Amino acid sequence: MSGKLRILLTGFGPFPGAPYNPTQPLVARLTQLRRPALDDVELSSHIFPVTYAAVDRQLPEVLAKQNPHALLMFGLAARTPYLRIETRARNAVTMLWPDAANTRSSKRGIAGHADAMMFGPHTAKLLRAARLTGIDARASRDAGAYLCNYLSWRAIENVRTGGPQLAAFIHIPLLARSGAVRRKGAPRMTLEELVDAGEAMLMEMVQLARKQPNKPASKMVGTLRFAHPTAPSVR
């Protein structure tokens, strides 16, 4: 395993109602960044299929393989025109909407009657970093009840059981069409604006991870397995 600081960036693929997911090009652009401040940083990426089963299977696998010090996750919030830095994961799963494999949750919660879990105070620093690029970014206490919230919950579980030291989830809006330059007052941000904000948050995450005292325990991450709260759709 490399002695460099390791940051894992994740996004999602398409899902019902969103045939194009802009988290994919965002994660690709961020992973390809070449900056002096990243010379001692190893960036890796993973795109999750939008299914509960994929998150439960692939998250432990990719964490065991990459052994990241920090996990920076992105998801699409198509109805929100601004960037949302999630501060917590709710113990909630929608029973209304199936995932991309046409699978519905069979229960409303992820883990019994557990309370919501917080990402931590570092989310405020990510928010500040994003805002300094000029983008409209806001803190959020509600990551929804679909795959973004579900991945957030599972990521925090891994942080608490010896996995990455830090995790964060960022909801991004739908973007202006490719190549568009946003005019004043236009409702949608561009990919370039989003990449600038993503880079600022990534750099902040790097600085935060450098200050953490211990390295992640990959053996603990590799053995963590989940029982996802889903059952085949009956529709």
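Below, each value reflects all heavy atoms present in this structure, side chains not excepted, and no hydrogens, waters or symmetry copies. Just so it is clear, the model here is predicted, and its values are computed rather than measured.
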A.B. asks: Given side chains that start at C-beta, do those of P98 and T103 come closer than 4.5 Å, heavy atoms only?
C.D. replies: no
A.B. asks: Has the side chain of S140 got a donor or acceptor atom that lies under 3.5 Å from a matching backbone atom of D142?
C.D. replies: yes
A.B. asks: Is it true that a side-chain atom of N91 and a backbone atom of I110 form a donor plus acceptor pair closer than 3.5 Å?
C.D. replies: yes
A.B. asks: Any non-hydrogen side-chain atom of N158 less than 4.5 Å from a side-chain atom of L63?
C.D. replies: yes
A.B. asks: Is there a continuous path of hydrophobic side-chain contacts, each under 4.5 Å between heavy atoms, that joins V159 to L151?
C.D. replies: no
A.B. asks: Do other residues, nucleotides or ligands put more than 12 heavy atoms under 6.0 Å from R210 CZ?
C.D. replies: yes
A.B. asks: Determine whether L126 and Y82 fall in the same hydrophobic cluster, where Ile, Leu, Val, Met, Phe, Trp and Tyr are linked whenever their side-chain heavy atoms lie under 4.5 Å apart.
C.D. replies: no
A.B. asks: Report yes if some heavy atom in the side chain of L208 is under 4.5 Å from a heavy atom in the side chain of E204; otherwise report no.
C.D. replies: yes
A.B. asks: Measuring only between side-chain heavy atoms, which start at C-beta, is E157 closer than 4.5 Å to M117?
C.D. replies: yes
A.B. asks: Please name the pair of heavy atoms, one in V55 and one in P60, separated by the smallest distance, quoted to 0.1 Å.
C.D. replies: O-CD, 3.8 Å
A.B. asks: Return yes if some donor-acceptor pair links the side-chain N/O of N149 with the main-chain N/O of A92 below 3.5 Å, else return no.
C.D. replies: yes
A.B. asks: Between M189 and L175, does a side-chain contact (heavy atoms from CB on, under 4.5 Å) hold up when you go through it step by step?
C.D. replies: CA-CA 5 Å; M189 65 183 66; L175 303 180; 3.7 Å; yes
A.B. asks: Please step through salt bridge (Lys or Arg N to Asp or Glu O under 4.0 Å) for the pair R84 and D136, ending with a clear verdict.
C.D. replies: CA-CA 9 Å; R84 282 168 37 194; D136 186 359; over 6 Å; no
A.B. asks: Testing the basics here: between D40 and K4, what is the closest heavy-atom pair and its distance to 0.1 Å?
C.D. replies: O-CB, 3.3 Å
A.B. asks: Would you give the length of the straight line joining atom CD of E193 to atom OG1 of T133, rounded to the nearest 0.5 angstrom?
C.D. replies: 8.0 Å
A.B. asks: Can a side-chain donor-acceptor contact be found between D99 and Y146 if the only test is distance below 3.5 angstrom?
C.D. replies: no
A.B. asks: Quick one: closest heavy-atom pair of P25 and L191, and the distance?
C.D. replies: CB-CD2, 4.3 Å
A.B. asks: Testing the basics here: between C148 and A143, what is the closest heavy-atom pair and its distance to 0.1 Å?
C.D. replies: CB-O, 4.3 Å
A.B. asks: Do L9 and L202 touch side chain to side chain, with heavy atoms closer than 4.5 Å?
C.D. replies: yes
A.B. asks: Test side-chain contact (heavy atoms from CB on, under 4.5 Å) on K125 and Q207; report intermediate values, then the result.
C.D. replies: CA-CA 10 Å; K125 296 184 178 181; Q207 294 302 317; over 6 Å; no
A.B. asks: Report yes if the side chains of Y52 and L147 come closer than 4.5 Å at any heavy-atom pair, otherwise no.
C.D. replies: yes
A.B. asks: Do the charged groups of E199 and R35 touch, with an N to O distance under 4.0 Å?
C.D. replies: yes
A.B. asks: Please find the pair of heavy atoms, one from R104 and one from M95, that lie closest to each other, and give the distance.
C.D. replies: NH1-O, 3.7 Å
A.B. asks: Return the CD to CD distance between Q66 and E61, rounded to the nearest 0.5 Å.
C.D. replies: 12.0 Å
A.B. asks: What residues form a ring pair (Phe, Tyr, Trp, His ring centres under 6.0 Å) with H46, not counting sequence neighbours?
C.D. replies: F48
A.B. asks: Checking R6 side chain against A70 main chain: does a donor-acceptor pair fall under 3.5 Å?
C.D. replies: no
A.B. asks: Does the ring center of F169 lie less than 6.0 Å from the ring center of F119?
C.D. replies: no
A.B. asks: Counting distance only, does the side-chain N/O of S45 pair as donor-acceptor with the main-chain N or O of T31 below 3.5 Å?
C.D. replies: no
A.B. asks: Please, which pairs that meet salt bridge (charged side-chain N to carboxylate O under 4.0 Å, His left out) have at least one residue in residues 108-119, sequence neighbours excluded?
C.D. replies: none
A.B. asks: Are the side chains of L166 and H69 in contact, using a 4.5 Å heavy-atom criterion?
C.D. replies: no
A.B. asks: Answer yes or no: is there an ion pair linking E86 with R88, defined by an N-O contact shorter than 4.0 Å?
C.D. replies: no
A.B. asks: Mark yes or no for whether R131, through its side chain, and A137, through its backbone, hold a donor-acceptor pair below 3.5 Å.
C.D. replies: yes
A.B. asks: Under the side-chain contact (heavy atoms from CB on, under 4.5 Å) test against L38, which residue among L5, L33, I7 passes?
C.D. replies: L33
A.B. asks: Among L83, I172, N21, find the residue that satisfies the side-chain contact (heavy atoms from CB on, under 4.5 Å) test when tested with F74.
C.D. replies: I172
A.B. asks: Mind jotting down which residue pairs meet the salt bridge (charged side-chain N to carboxylate O under 4.0 Å, His left out) criterion with at least one end in residues 160-173? Sequence neighbours excluded, please.
C.D. replies: none
A.B. asks: How close do Q24 and P14 get, counting heavy atoms only, and between which atoms?
C.D. replies: OE1-CD, 3.9 Å
A.B. asks: Can you find a heavy atom in the side chain of I47 that is under 4.5 Å from one in the side chain of T10?
C.D. replies: no
